[in-house]
Trainee: 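Pasting a structure below so you can have a look.
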Amino acid sequence: MKEVKQFQTESKELLNLMINSIYSNNEIFLRELISNASDAIDKYKYASLTSDGKIPLVDPEIRISLDKKNRTITISDNGIGMNKDELINNLGTIARSGSKDFVNKIKEAKEKQDLDIIGQFGVGFYSAFMVANKIEVRTKAYNEQAYLFASEGEDSYSIEEISKDSNGTEITLYLKKSSKEVDYDSYLEEYQIKSLVKKYSDYIRYPIKMICTSSKQKLDKDGKPIEGEYEDVKEDTTLNSMIPLWKKNKNEVKDEDLNNFYKEKFMDYEDPLISLFVRVDGKITYDSLLYIPSHAPYDLYSDSYEKGLQLYSKGVFIKDKCSELIPDYLKFVKGLVDSPDLNLNISREILQQSPILKKISENVEKKVVEKLIELKKTDFDKYVKFWEAFGEHIKFGIYSTYGTKKDLLQDALIFHSLLKDKYISLAEYKEAMDKKQKYIYYASGETVEAIKLLPQIEKYRKDGVDVLLLDKKIDEFAIMMLREYEKIEFKSISNESTDDLSKEEKEKVESLSASNKRLLDNIKDALKGEVDDVIISNKLVDAPVCVSTKEGLSLEMEKTLNEQPGSEEKVKAQKVLEINPDHELFNAFSAIQDQDDLVKEYASVLLDEAMMLEGREVKDKKEFVKKLNGLMIKALAK
Ligand code: ADP
């Protein structure tokens, strides 16, 4: 006898959403039904194993059949099946808590045309209504009466007794008519089903079978192939590969397997620089394959680049590029995460807010960074290759998190060393420091070569004090966030402060400043608006002048910030012109220090020189040339 029943209210809402959905990714219905089938087989297996032999074990199988004439696709399994009550409870209602929430969220998302949200959830059985306008479920639990559940997605469904030989569930979808917007007919094509299974369900543990047609050479009487004659042959084919690489025993998986998998899955022609096979068994369980490419993906710096790892749950594909799994600064990392703790249930809170994903992400981040730091120790050359491709991201990680990731990331940093002329870590710098040295010194500029030419670096070279050479825009900003490394503060060699001078040096500077006060004041006066101060320098060996800055912005930072698109308001570093008291030029100025006008006239040449030595543009080139020519004419005429 056929009974007609009403769907529960929440179910109706969800059904409605599905039926009216033109979600372009409606292909996920297949993933949902296959994973239900796989769960049902899991349950049957469990029931059998715990039945003292009463329920026989069977070879598990999920089968897909296509019927073009009737426009149906049928997915069947030999799993646990459902009795009448279960049918009503499982398919007539959304039994899980929180589902109402989900329906609301999805409604909101729909209003915002953000339909992608559907794909991020297991929308379960009802997702079939995205592609079908009528669904029949034939199901039989072991040793029970079989039933047919049928629904056209409206308010009600019907249930009636039927006869069915084997236990398990068979779900037949009557596909909607294709329209201009949506093509449902493609789901009747073998190749389409094959590719969807590969895409979403390749690693389902049970075979997903389908009778497939292939073109084979005809055979003659003796079984030999006949040249040029082909026929269509139907063969039962398993569509999925069943065992995911990341589910295998770690020691069974060779580097080559990991590399090949990477190239195939993430479409790279080169082996990755680093492959990482992570298995975590704890409060949260997950397996992960993580890769660092050997070169930056071509679109890494474009707006269209999407970071993220693939997300699986128990071998079932949930989402490509799940951005919640990886922090921004590791956006170049590729890979996947498979966790049984996440399931496809729609009752799960929105993926973005999932505390499980957050935990996994933190863990993945830690694993990646630890691996990098280990690589730095074991294969420095390889690490340098990594650094040249992605080092700026690590520094960006420090900067963008306001230094909160300092402890995690500081030992991954390497910088060019002035004295060693190669990359060194902060630990190496510290190790080589003189006991009396107060700071970790750094200098910044466009290129390592340009930094080496800075006038203020000479002294450090001469004194055998190492300086880190920062040639990337992000560097100083990251250093600013770090502030110190193991209690040793960083200091720019272009910082005007003199707190690291010896007593004698300080005294020398002070006395010279006092005796040349009028000269310094005059220069300062002439350069008003250009520099904040003019001082006697202790930094210079051969060069006559240099420009330093007060605490805060450096010249490099000023430049970087002002280059940012849309930075209307120009930021300004507080510049200080430093003069080398041991240089002949200083003596010349000293000699004319009473002639205020002359001092003022040539003050700008001093600043221009200093800016040039810093690798900067001269502000007023015409004026500079005029003054230089004046001096040359005088000198040459002598
Ligand atoms: P979910 O699978 O996320 O729980 P669904 O709406 O897909 O939600 O399915 C609801 C319930 O229906 C399942 O939890 C399961 O108990 C039952 N079910 C669905 N498909 C099958 C199947 N192929 N065999 C047995 N039971 C099934």
Side-chain angles (χ1 to χ4, degrees), residues 7-8 10-19 26 28-48 55 58 60-65 73-103 106 118-132 135-142 144-151 153 157 159 164 166-173 200-201 204-206 208 313-318 340-349 351:
F7 278 110
Q8 165 220 35
E10 286 170 13
S11 300
K12 279 185 205 165
E13 285 186 275
L14 184 54
L15 263 173
N16 232 320
L17 283 166
M18 291 299 150
I19 288 250
N26 57 32
I28 58 160
F29 82 89
L30 191 63
R31 167 191 87 179
E32 298 297 310
L33 297 184
I34 288 175
S35 75
N36 278 350
S38 169
D39 288 348
I41 294 174
D42 276 344
K43 287 180 199 157
Y44 182 86
K45 234 170 132 180
Y46 181 78
S48 163
I55 304 179
V58 290
E61 178 181 296
I62 298 167
R63 182 167 288 281
I64 302 176
S65 16
I73 162 167
T74 300
I75 293 114
S76 56
D77 64 68
N78 53 1
I80 192 84
M82 285 174 270
N83 63 25
K84 188 176 172 186
D85 284 348
E86 284 164 342
L87 258 182
I88 294 169
N89 284 332
N90 294 339
L91 302 188
T93 49
I94 307 180
R96 282 139 289 135
S97 64
S99 47
K100 183 110 190 150
D101 259 10
F102 172 77
V103 171
I106 225 169
I118 296 177
Q120 298 175 15
F121 288 88
V123 268
F125 170 75
Y126 290 153
S127 67
F129 281 103
M130 289 197 287
V131 299
I135 296 178
E136 290 172 355
V137 180
R138 292 174 174 79
T139 184
K140 177 173 161 33
Y142 186 71
E144 301 227 26
Q145 171 62 45
Y147 286 91
L148 166 65
F149 163 108
S151 170
Y157 57 91
I159 287 191
K164 183 176 185 299
S166 53
N167 54 275
T169 303
E170 188 181 293
I171 300 181
T172 301
L173 313 184
Y200 291 109
S201 314
I204 288 282
R205 288 184 298 281
Y206 308 113
I208 303 167
S313 172
K314 290 189 217 154
V316 181
F317 176 82
I318 301 181
D341 298 332
L342 289 162
N343 63 40
L344 294 165
N345 284 354
I346 57 167
S347 60
R348 286 275 170 189
E349 59 275 69
L351 216 51

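Numbering of ligands and ligand atoms starts at 1, following listing order. No experiment lies behind these values; they were computed from the predicted model shown.
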Trainee: Going by side chain to side chain contact (heavy atoms under 4.5 Å, CB included), name the residues that satisfy it together with Ser166, two or more places apart in sequence or in a different chain.
Mentor: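 So Ser166 forms a side chain to side chain contact (heavy atoms under 4.5 Å, CB included) with Lys164.
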
Trainee: Short list, please: which atoms of ligand 1 are under 4.0 Å from a heavy atom of Ala40?
Mentor: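 Matching atoms, with element in brackets: 22 (C), 24 (N), 25 (C).
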
Trainee: Going by heavy atoms, is Glu32 under 4.0 Å from ligand 1?
Mentor: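 Checking ligand 1 against Glu32, which is what was asked, there is no heavy-atom contact under 4.0 Å.
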
Trainee: Is Glu86 touching ligand 1 with its side chain, its backbone, both, or neither, if touching means heavy atoms under 4.0 Å apart?
Mentor: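 None of Glu86 does.
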
Trainee: Report the residue from Thr169, Ile62, Asn36 that forms a side-chain contact (heavy atoms from CB on, under 4.5 Å) with Ile75.
Mentor: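 Filter result, single survivor: Ile62.
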
Trainee: Between the side chain of Asn78 and the main-chain N/O of Glu61, is any donor-acceptor distance below 3.5 Å?
Mentor: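 The answer is yes, because a donor-acceptor pair under 3.5 Å joins these two groups.
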
Trainee: Any N/O of Asn36 closer than 3.5 Å to an N/O of ligand 1?
Mentor: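 There is such a contact, yes.
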
Trainee: Between Asp77 and ligand 1, which part of the residue brings a heavy atom under 4.0 Å of the ligand: side chain, backbone, both or neither?
Mentor: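 Answer for Asp77: side chain.
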
Trainee: Within a radius of less than 6.0 Å around NZ of Lys45, do more than 12 heavy atoms belonging to other residues, nucleotides or ligands occur?
Mentor: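 For Lys45, atom NZ is not crowded (no more than 12 foreign heavy atoms under 6.0 Å).
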
Trainee: Please identify which atoms of ligand 1 are closer than 4.0 Å to at least one heavy atom of Leu91.
Mentor: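 Counting from 1, the qualifying ligand atoms are 12 (O).
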
Trainee: Quick one: does Thr169 get an N or O within less than 3.5 Å of an N or O on ligand 1?
Mentor: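 There is such a contact, yes.
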
Trainee: Would you please determine whether Lys43 falls within less than 4.0 Å of ligand 1 on a heavy-atom basis?
Mentor: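 The answer is yes, since Lys43 has a heavy atom less than 4.0 Å from ligand 1.
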
Trainee: Using heavy atoms and a threshold below 4.0 Å, how should the contact between Asn90 and ligand 1 be classified: side chain, backbone, both, or neither?
Mentor: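 Contact part for Asn90 vs ligand 1: both backbone and side chain.
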
Trainee: Is the ring pair Tyr157/Phe7 parallel, tilted or perpendicular, if the boundaries are 30 and 60 degrees?
Mentor: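 Correct class here is tilted.
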
Trainee: Would you call the rings of Phe125 and Phe129 parallel, tilted or perpendicular, where under 30° means parallel and over 60° means perpendicular?
Mentor: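 Aromatic pair Phe125/Phe129 classed perpendicular.
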
Trainee: Would you say the side chain of Leu33 lies within less than 4.5 Å of the side chain of Leu173, judging by non-hydrogen atoms?
Mentor: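 Yes, their side chains come closer than 4.5 Å.
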
